[in-house]
Amino acid sequence: MAIDFELDPLVEQIRDFVHEFAVTNLRPIAREADEKGALPLETIKQLGGLVGNRASIMPDERVESAAKKPIGSMVAVVGSEELAWGDPAVLLNIPGPGLAAPSIKAAGTEDQKQRFLRDVFEVEIDEPRFGALAVTEPQAGSDVSNVQTTAVRAGDEWVLNGTKVFCTNAARAHVLVVNATVDKSLGRQGQKFFVIEKGTPGFKIGKIEKKMGLTASETAEFTLEDCRIPLDNILGGEAALEPKGSGFKGTMKAFDSSRPSVAAMAVGIGRAAFEYARDWVAAELPMTTAFVRRNSIEQKLGQMKRELNAARDLCWKAAWMADHKIPNSKEASMAKAYAPQVAMRACIGAIQIMGPAGYSRAHLVEKWFRDIKVYDIFEGTGQIQRVIISRNILGRLD
């Protein structure tokens with residue numbers, strides 16, 4: 001099946017609508033949200049209305065074009081780019097299950113999908129609701145084999161103990177997915193995913209992180225102290241405990257569908273910086289500027305544009321493959337590894353082109369420079385993505 005890089009008309013319409021929303025509602029409040037460390041509640045509610053009651057940036061297999069072609073992943077990718085172009089922190093403030101969704105969709109039973117997704121998020125509510133995924137620990141980030149959180153079966157309950165850090169939306173999550181070890185002797189295969197619901201005794205929020213970038217999004221740590229959850233809150237149910245049950249590796253493959261969207265967010269940030277620098281040059285740099293300087297700037301803008309276009313193509317290919325149910329682990333990781341670095345270079349280039357003005361808070365390029373770095377870290381670091389790519393190439397995924 002040959003990939004078609006011409007967007008479906010419905011996807012184009014959605015992209016244009018989301019871009020207009022970003023222009024009107026997001027870009028004007030980006031600086032204030034960054035300085036206050038939060039988006040206005042009204043904007044969060046608008047975001048919930050923009051994406052619907054499910055309120056998840058994750059693609060939905062039910063989304064089809066007029067020609068009955070699957071376009072859910074492509075919609076997620078182009079929408080993510082436009083929203084990040086408006087303000088990167090917005091994507092992390094969209095009400096809904098967020099990063100809890102892929103794990104529940106990938107490994108949850110039908111009953112669990114109903115309880116933790118539809119019953120919580122697909123209902124009409126006045127206040128926004130959020131979901132979260134917690135994997136990172138003080139001593140275990142990319143090295144998930146070093147996760148210390150444990151889950152012990154006690155009668156008709158699981159008892160969880162451990163600490164998770166740098167978890168987006170943890171403090172306000174209604175549904176939170178965590179990984180914990182049920183049998184250390186099995187290594188990663190001994191890790192399972194569990195769902196913790198808001199108000200569960202033993203779940204305690206710690207500090208809210210003060211970050212360099214994406215300051216308008218909430219990132220928190222929490223502890224689990226004899227946190228008791230029902231037996232059927234293990235994703236996959238009793239079958240998850242079988243030798244070939246849904247372990248860490250199987251559940252994390254769900255991110256093959258989300259990583260293209262995260263990469264697209266990076267493209268959106270880089271594109272914002274490129275366009276801002278381009279427009280600044282047109283407005284502030286007279287044509288009489290010395291040829292050497294102007295030529296250098298034009299060369300830099302050209303490189304930024306080429307790299308951003310290449311990164312977008314990687315995102316689109318990975319999303320297209322996901323829509324057509326073609327294994328895309330390598331392509332998703334390629335997009336995730338490449339796009340944040342390209343966007344970082346675009347942000348640096350914009351600051352260099354604008355000089356002192358680019359470093360000033362009078363312009364948004366310094367904010368985008370602070371925001372972009374984390375995209376090379378969360379959802380799997382760039383180093384981890386390159387490991388995944390090499391193992392796909394060499395055929396050593398197990």
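Nothing here was measured: the structure is a model prediction, and the numbers come from that model.
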In this structure, are over 12 heavy atoms from other groups packed under 6.0 Å from K45 atom NZ? yes
Evaluate whether atom CZ of F369 has more than 12 neighbouring non-hydrogen atoms of other residues, nucleotides or ligands under 6.0 angstrom away. no
Is there a path of hydrophobic side-chain contacts, each under 4.5 Å between heavy atoms of I/L/V/M/F/W/Y residues, joining [Y] to [X]?
X    : Y    : answer
V374 : I269 : yes
V147 : L186 : no
V281 : L308 : yes
V152 : L224 : no
V77  : V90  : yes

Whether [Y] and [X] form a salt bridge (side-chain N of Lys/Arg under 4.0 Å from carboxylate O of Asp/Glu) is what I want to check.
X    : Y    : result
K113 : E110 : yes
K207 : E209 : yes
K69  : D323 : no
E366 : R31  : yes
R312 : E81  : yes
E82  : R271 : yes

Measuring from atom [atom1] of [X] to atom [atom2] of [Y], what distance do you get when rounded to the nearest 0.5 angstrom?
X    : Y    : atom1 : atom2 : answer
I44  : R172 : CD1   : CZ    : 5.0 Å
Y359 : R361 : OH    : CZ    : 9.5 Å
I353 : E284 : CD1   : CD    : 13.5 Å
D34  : L364 : CG    : CG    : 8.5 Å
I234 : L241 : CD1   : CG    : 4.5 Å
D232 : W158 : CG    : CH2   : 11.5 Å

Does [Y] offer a backbone N or O that forms a donor-acceptor pair with the side chain of [X] under 3.5 Å?
X    : Y    : answer
D156 : L231 : no
D256 : P327 : no
R370 : M212 : yes
K336 : A263 : no
E218 : I208 : no
D226 : G202 : no
S390 : V387 : yes

Identify the two heavy atoms, one from [X] and one from [Y], that lie closest to each other, and give their separation to 0.1 Å.
X    : Y    : answer
G270 : A346 : O-CB, 3.7 Å
I389 : K330 : CG1-O, 4.0 Å
N169 : L92  : ND2-O, 3.0 Å
A33  : T215 : O-OG1, 4.3 Å
R259 : A332 : CB-O, 4.0 Å
G382 : A337 : O-CB, 4.4 Å

Could you give me the CA-CA distance, side-chain angles and deciding distance for M74 and D8, then say whether side chain to side chain contact (heavy atoms under 4.5 Å, CB included) is met? CA-CA 9 Å; M74 193 63 77; D8 181 272; over 6 Å; no
Can you check whether [X] reaches [Y] side chain to side chain, under 4.5 Å on heavy atoms?
X    : Y    : value
D119 : Q114 : yes
Q148 : P138 : no
L91  : S80  : yes
V178 : T149 : no
L160 : F203 : no
L133 : F193 : yes
I372 : P88  : no
L176 : F222 : yes

Taking atom types as modelled and ignoring hydrogens, do the side chains of [X] and [Y] form a donor-acceptor contact shorter than 3.5 angstrom?
X    : Y    : result
S258 : E379 : yes
Q191 : N179 : yes
T150 : N161 : no

Quick one: do K204 and E225 satisfy salt bridge (charged side-chain N to carboxylate O under 4.0 Å, His left out)? Show the steps, please. CA-CA 8 Å; K204 299 180 180 180; E225 298 179 3; 2.9 Å; yes
Parallel, tilted or perpendicular: which one describes the rings of F378 and Y375, with boundaries at 30° and 60°? perpendicular
Pair listing, side-chain hydrogen bond (donor to acceptor under 3.5 Å, both in side chains) test, anchored in residues 338-350, at least two apart: E307-R345
Should L301 and K305 be marked as a side chain to side chain contact (heavy atoms under 4.5 Å, CB included) after you check the CA-CA gap, both sets of side-chain angles, and the distance that decides it? CA-CA 6 Å; L301 287 171; K305 181 66 171 177; over 6 Å; no
Could you point out which residue of N233, I229, V120 forms a side-chain contact (heavy atoms from CB on, under 4.5 Å) with E197? N233
Evaluate the side chain to side chain contact (heavy atoms under 4.5 Å, CB included) criterion for residues K105 and L117: first the C-alpha distance (whole Å), next the side-chain angles of each, then the deciding distance (0.1 Å), finally the verdict. CA-CA 9 Å; K105 288 180 178 180; L117 294 180; 4.0 Å; yes
Tell me, please, whether W85 has R27 positioned over its six-membered ring: NZ or CZ under 6.0 Å from the ring centre and within 45 degrees of its axis? yes
Might you work through the side chain to side chain contact (heavy atoms under 4.5 Å, CB included) test for N93 and S217, ending with a clear yes or no? CA-CA 6 Å; N93 276 283; S217 72; 4.1 Å; yes
